[in-house]
Amino acid sequence: MADRERAPETRAIREQVKTTAQREHSVPLFLTSSFVFDSAEQARALFADEIPGNVYSRYSNPNAEELVRKLCAMEGAQDGLATASGMAAVFAVFASLLSTGDHLVAGRALFGSTHQLLTRVLPRWGIEHTYVDVEATDDDWLRAIRPSTKLVFVETPSNPGLALIDLEMVSGICRERGVLLVVDNCFTTPYLQQPIRFGADLVVHSATKFIDGQGRTLGGAVLGPEELIGECRYFIRHTGPSISPFNAWVLSKSLETLAVRMDRHCESSLGFAQHFEGHAELERVLYPFLPSHPQHELARKQMSAGGGIVALILKGGLDRARRFLDGLDLLSHSPNLGDTRTIVTHPASTTHSKLSGEERQRVGITPGMVRVSVGLERLDDIVEDVEQALARSR
Ligand SMILES: *Cc1c(COP(=O)(O)O)cnc(C)c1O
């Protein structure tokens with residue numbers, strides 16, 4: 001009972017696999033592909049799903065279960081599943097809930113591989129999609145939904161344009177039309193935003209980013225009501241995108257420090273954004289918790305802090321952005337995000353290079369945009385490196 005009143009951050013630290021006969025304090029790694037049966041009757045009952053318990057690590061594993069229990073506590077979800085990567089989670093949702101002839105609606109600003117799934121993979125099975133622009137009104141969302149629409153998929157804030165989608169508005173429309181709302185909550189983590197509170201049905205995560213937080217392992221999760229998770233569980237058990245016990249163990253440990261890391265990512269990101277706002281070498285700085293962000297009020301409503309990503313729009317376009325990246329001394333130039341180390345990425349020429357120029361324009365990715373995943377280094381060292389690279393690239 002007391003458990004229900006404890007804060008999600010506390011539960012992310014205290015939810016734990018039952019201690020073994022060794023009385024260890026830190027949870028061990030259950031590096032085992034299968035589990036032994038106490039009796040023929042137990043084996044039969046486990047396979048018949050009459051009793052809970054581990055059978056085989058493609059089905060379940062104590063480390064994976066612990067990770068899921070912590071994520072459920074933080075998201076306010078009833079049930080969940082851990083997967084080998086964020087994309088495995090996204091695909092498991094589509095493959096579990098959609099059939100030939102079904103249609104889905106998605107916010108246009110999507111992670112690159114999710115865009116590939118919608119445009120290249122799902123059409124092979126006769127599943128179509130409609131994109132809705134980032135600044136869409138409720139009428140635009142309503143118009144996109146067809147009788148064959150089964151789900152709506154969104155990311156908020158978007159990567160890398162940091163545009164927000166009003167979760168309460170979209171979930172209201174989904175409920176009215178009997179369509180499921182699935183939210184990719186990777187950018188904010190369950191610590192800063194809980195989409196289920198705003199009416200989302202399912203939440204997916206790439207745990208590879210802030211949840212790991214140290215750039216080490218891939219992982220993902222799907223969270224939501226028991227019935228929908230049951231459908232995803234069937235698909236995952238029999239097709240195999242299950243998480244490895246080692247990655248689940250790393251990610252579960254990482255969740256114990258998520259709140260303190262995110263507090264620092266958010267504090268430094270806001271300080272970074274404030275420092276560079278109005279800078280003579282920049283056209284613009286985008287960060288959800290800057291009052292100048294066009295959806296600042298919505299950000300305050302659905303996020304408890306602004307997150308760890310800032311977008312800088314450099315004066316001088318593509319050539320300037322390239323010189324800027326080559327002029328960095330301390331910061332990493334890499335496609336990842338959500339690491340202890342600050343990472344700078346040029347979306348137009350890397351992560352979003354497969355989009356056409358027009359598609360990039362529609363999701364706010366300009367040639368001079370760089371995405372900064374603000375890390376845990378001292379803020380003045382991060383600022384100083386960006387300042388010197390801006391000066392050198394002039
Ligand atoms: C990285 C990312 C994914 C994919 O996650 P992987 O763990 O790399 O498979 C999905 N959605 C968003 C928003 C991401 O940033």
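Along the sequence shown, residues are numbered consecutively beginning with 1. Just follow the structure's listing: the first ligand is 1, and inside any ligand the first atom is 1.
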I'd like to know if Arg320 pairs up with Glu281 as an ion pair, taking the criterion as any Lys NZ or Arg NE/NH1/NH2 lying under 4.0 Å from an Asp or Glu carboxylate oxygen.
yes

In plain terms, say whether Lys209 and Asp339 are close enough for a salt bridge, that is, a side-chain N and a carboxylate O under 4.0 Å apart.
no

For Arg300 and His296, test the side chains for any donor-to-acceptor distance below 3.5 angstrom and give the result as yes or no.
yes

Under 4.0 Å between a side-chain nitrogen and a carboxylate oxygen: does that hold for Glu75 and Arg197?
no

Ignoring hydrogens and angles, state whether a donor on the side chain of Glu65 or Ser60 is under 3.5 Å from an acceptor on the partner side chain.
no

What does the list of residues with a heavy atom under 4.0 Å from ligand 1 look like, ordered by chain and number?
Ser85, Gly86, Met87, Phe111, Glu155, Asp184, Cys186, Ser206, Thr208, Lys209, Gly219

Do NZ/NE/NH1/NH2 and the carboxylate oxygens of Asp326 and Arg323 come within less than 4.0 Å?
no

